[in-house]
2 protein chains.
Amino acid sequence: MGQAKPTPDAKPAIDVFQAIADPSRRKLLEMLGDEEMPVTTISSHFSMSRTAVSKHLRILTDAGLLTERKVGRETRYRLEPAPLQELKRWLAYYDRFWDNKMLALQRYVESSDDHEE
Amino acid sequence: MGQAKPTPDAKPAIDVFQAIADPSRRKLLEMLGDEEMPVTTISSHFSMSRTAVSKHLRILTDAGLLTERKVGRETRYRLEPAPLQELKRWLAYYDRFWDNKMLALQRYVESSDDHEE
DNA sequence: CCGATGTGAAACCTTAAGGTTTCATAATTT
DNA sequence: AAATTATGAAACCTTAAGGTTTCACATCGG
């Protein structure tokens with residue numbers, strides 16, 4: 001299971017792919033894009049406990065996807081989109097496969113020396 | 001934990017976000033982009049057991065990210081990029097946050113009526 | 001027909017992920 | 001100062017995720 005690689009003293013930081021895997025966390029990102037919000041307000045939009053939401057917020061923050069800001073007794077969270085760039089780069093690699101024409105040609109070329117056995 | 005929504009008789013299919021969350025699976029997708037490969041060949045690139053790789057292949061297939069094709073006694077897998085479009089669409093929503101100028105303006109507007117408490 | 005190959009299914013194990021409840025602490029109000 | 005509000009930390013529970021090993025089967029090569 002855990003693929004967390006402690007790496008002696010480096011960032012045990014959470015992987016972006018892992019962070020966005022959970023639907024609740026995706027919802028959080030969506031909610032916090034337009035405006036900063038304190039935990040209680042945020043959790044009022046979920047059916048799970050405030051504490052659970054708080055944990056998700058921590059995970060997202062550790063992944064660099066949210067920023068925390070203390071204002072009085074409350075902690076406000078807001079979207080920090082930067083880490084999503086990594087996802088975008090990862091996806092970009094697959095762009096070439098989306099062009100069906102190129103894909104068809106590619107398969108044709110491959111099949112020329114190895115047709116079907 | 002399980003966020004699987006059975007939905008009476010629809011696709012219990014695996015969520016793409018979940019499917020790509022595991023690094024081994026991302027490696028599999030990368031390997032199977034250019035050419036179709038049978039399980040044994042694929043698993044030779046991993047340190048885990050062939051059976052474990054086989055399970056990852058199933059998960060990716062269920063997520064629609066791989067296609068299976070039986071050829072004799074072997075099963076060959078190949079990348080099926082289509083489902084990645086969903087990810088791309090999801091990411092596209094966040095594009096507006098990447099333009100720092102717009103972000104700065106947006107924050108300025110917001111702060112006009114609620115400055116800092 | 002027989003032994004070697006290629007795979008998937010089952011049963012099981014360990015651990016982390018997602019939740020909950022309870023408790024402690026700090027800032028706000030009255 | 002006392003009561004209230006906002007949160008995070010701890011301790012715990014349940015279950016699914018990622019692995020392993022063992023077993024059954026189908027296909028291939030002789």
Side-chain angles (χ1 to χ4, degrees), chain A residues 1-7 12-29 32 36-63 65-78 116-117, chain B residues 1-6 12-29 31-32 36-63 65-78 116-117:
Chain A
M1 207 178 306
Q3 42 69 249
K5 203 195 310 176
T7 315
I14 289 167
D15 177 65
V16 175
F17 290 89
Q18 179 112 348
I20 65 165
D22 185 277
S24 298
R25 288 199 286 268
R26 289 201 294 279
K27 186 179 170 189
L28 282 170
L29 293 180
L32 299 168
E36 175 185 80
M37 276 193 274
V39 182
T40 303
T41 305
I42 297 172
S43 75
S44 70
H45 295 291
F46 290 81
S47 55
M48 67 183 106
S49 74
R50 175 189 53 75
T51 312
V53 171
S54 198
K55 279 198 198 173
H56 282 305
L57 290 169
R58 172 128 322 289
I59 290 174
L60 289 170
T61 303
D62 287 350
L65 288 164
L66 292 181
T67 54
E68 277 182 314
R69 183 171 75 104
K70 291 278 275 184
V71 174
R73 61 184 158 190
E74 53 186 35
T75 306
R76 300 188 187 167
Y77 291 87
R78 170 191 277 273
E116 181 72 17
E117 341 317 48
Chain B
M1 207 180 306
Q3 44 70 255
K5 202 197 309 178
I14 290 167
D15 178 64
V16 175
F17 290 89
Q18 179 113 345
I20 65 165
D22 185 277
S24 299
R25 289 199 285 267
R26 289 200 294 278
K27 186 179 169 189
L28 281 169
L29 293 180
M31 283 182 54
L32 299 169
E36 176 184 78
M37 278 193 273
V39 181
T40 303
T41 304
I42 297 172
S43 74
S44 70
H45 296 292
F46 290 81
S47 55
M48 67 182 107
S49 73
R50 174 189 55 75
T51 312
V53 171
S54 198
K55 278 197 198 173
H56 281 306
L57 291 170
R58 171 128 321 289
I59 290 174
L60 289 170
T61 303
D62 287 351
L65 286 164
L66 292 181
T67 55
E68 277 182 314
R69 183 170 75 104
K70 292 279 273 183
V71 174
R73 60 185 157 187
E74 52 186 37
T75 306
R76 301 189 187 167
Y77 291 85
R78 170 190 278 274
E116 181 69 18
E117 319 346 30

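Each chain gets a letter, A, B and so on, in the order the sequences are listed, and its residues count up from 1. All values below come from the heavy atoms of this structure, side chains included, with hydrogens, waters and symmetry mates left out. Please read these numbers as outputs of a predicted model, since none were measured by experiment.
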Donor-acceptor pair, side chain of B:Arg26 and main chain of B:Ala21, under 3.5 angstrom: yes

Which nucleotide in D:dG19, C:dG6, C:dG18 has an atom nearest any side-chain atom of B:Glu74: C:dG6

Min side-chain heavy-atom separation A:Arg50-A:Val39 under 4.5 Å: yes

Euclidean distance, atom CD1 of residue A:Ile20 to atom P of C:dG18 [Å, nearest integer]: 13 Å

Given DNA chain C, 5'-ward residue of the pair A:Gly72 and A:Met48, judged by closest heavy atom: A:Met48

Atom-pair distance (CG on A:Leu57; C1' on D:dA6), nearest Å: 13 Å

Rounded distance (Å) that lies between atom C1' of D:dT7 and atom CZ of A:Arg69: 16 Å

OP1 or OP2 of D:dT5 under 4.0 Å from side-chain N/O of A:Thr40: no

Interatomic distance where CG belongs to A:Leu66 and C1' belongs to D:dT7 [whole Å]: 16 Å

Integer-rounded Å distance: C:dG6 P and B:Tyr77 OH: 15 Å

Touch class at under 4.0 angstrom, heavy-atom based, for A:Phe46 against every strand present: nothing

Nearest-nucleotide pick for B:Ser49, side chain only, options being C:dG8, D:dT21, C:dT20: D:dT21

Any donor-acceptor N/O pair under 3.5 Å between C:dG8 base and B:Lys55 side chain: no

Side chain of A:His56 (C-beta onward), nearest among D:dG19, C:dG18, C:dG19: C:dG19

Toward the 5' end of DNA chain D, by each residue's nearest nucleotide, A:Arg73 or A:Ser54: A:Arg73

B:Arg50 CZ to D:dT22 P, straight-line distance once rounded to whole Å: 13 Å

Nearest-neighbour nucleotide for the B:Thr51 side chain, C:dT20, C:dA10, D:dT7 considered: C:dA10

Note, B:Lys27 side chain near B:Phe46 side chain (heavy atom, < 4.5 Å): yes

Side-chain N,O (A:Gln18) to OP1/OP2 (C:dA17) below 4.0 Å: yes

Separation of D:dA6 P from A:Met37 CE (nearest whole Å): 15 Å

Proximal nucleotide (of D:dG8, C:dT7, C:dG19) relative to the B:Pro38 side chain: C:dT7

Nearest-angstrom distance from the residue atom CZ of A:Arg76 to C1' of D:dG8: 18 Å

Spacing of B:Leu57 atom CG and B:Leu66 atom CG [to the nearest 0.5 Å]: 6.5 Å

Member of A:Asp22, A:Ile59, A:Leu60, A:Leu65 meeting the side chain to side chain contact (heavy atoms under 4.5 Å, CB included) criterion with A:Leu28: A:Leu60

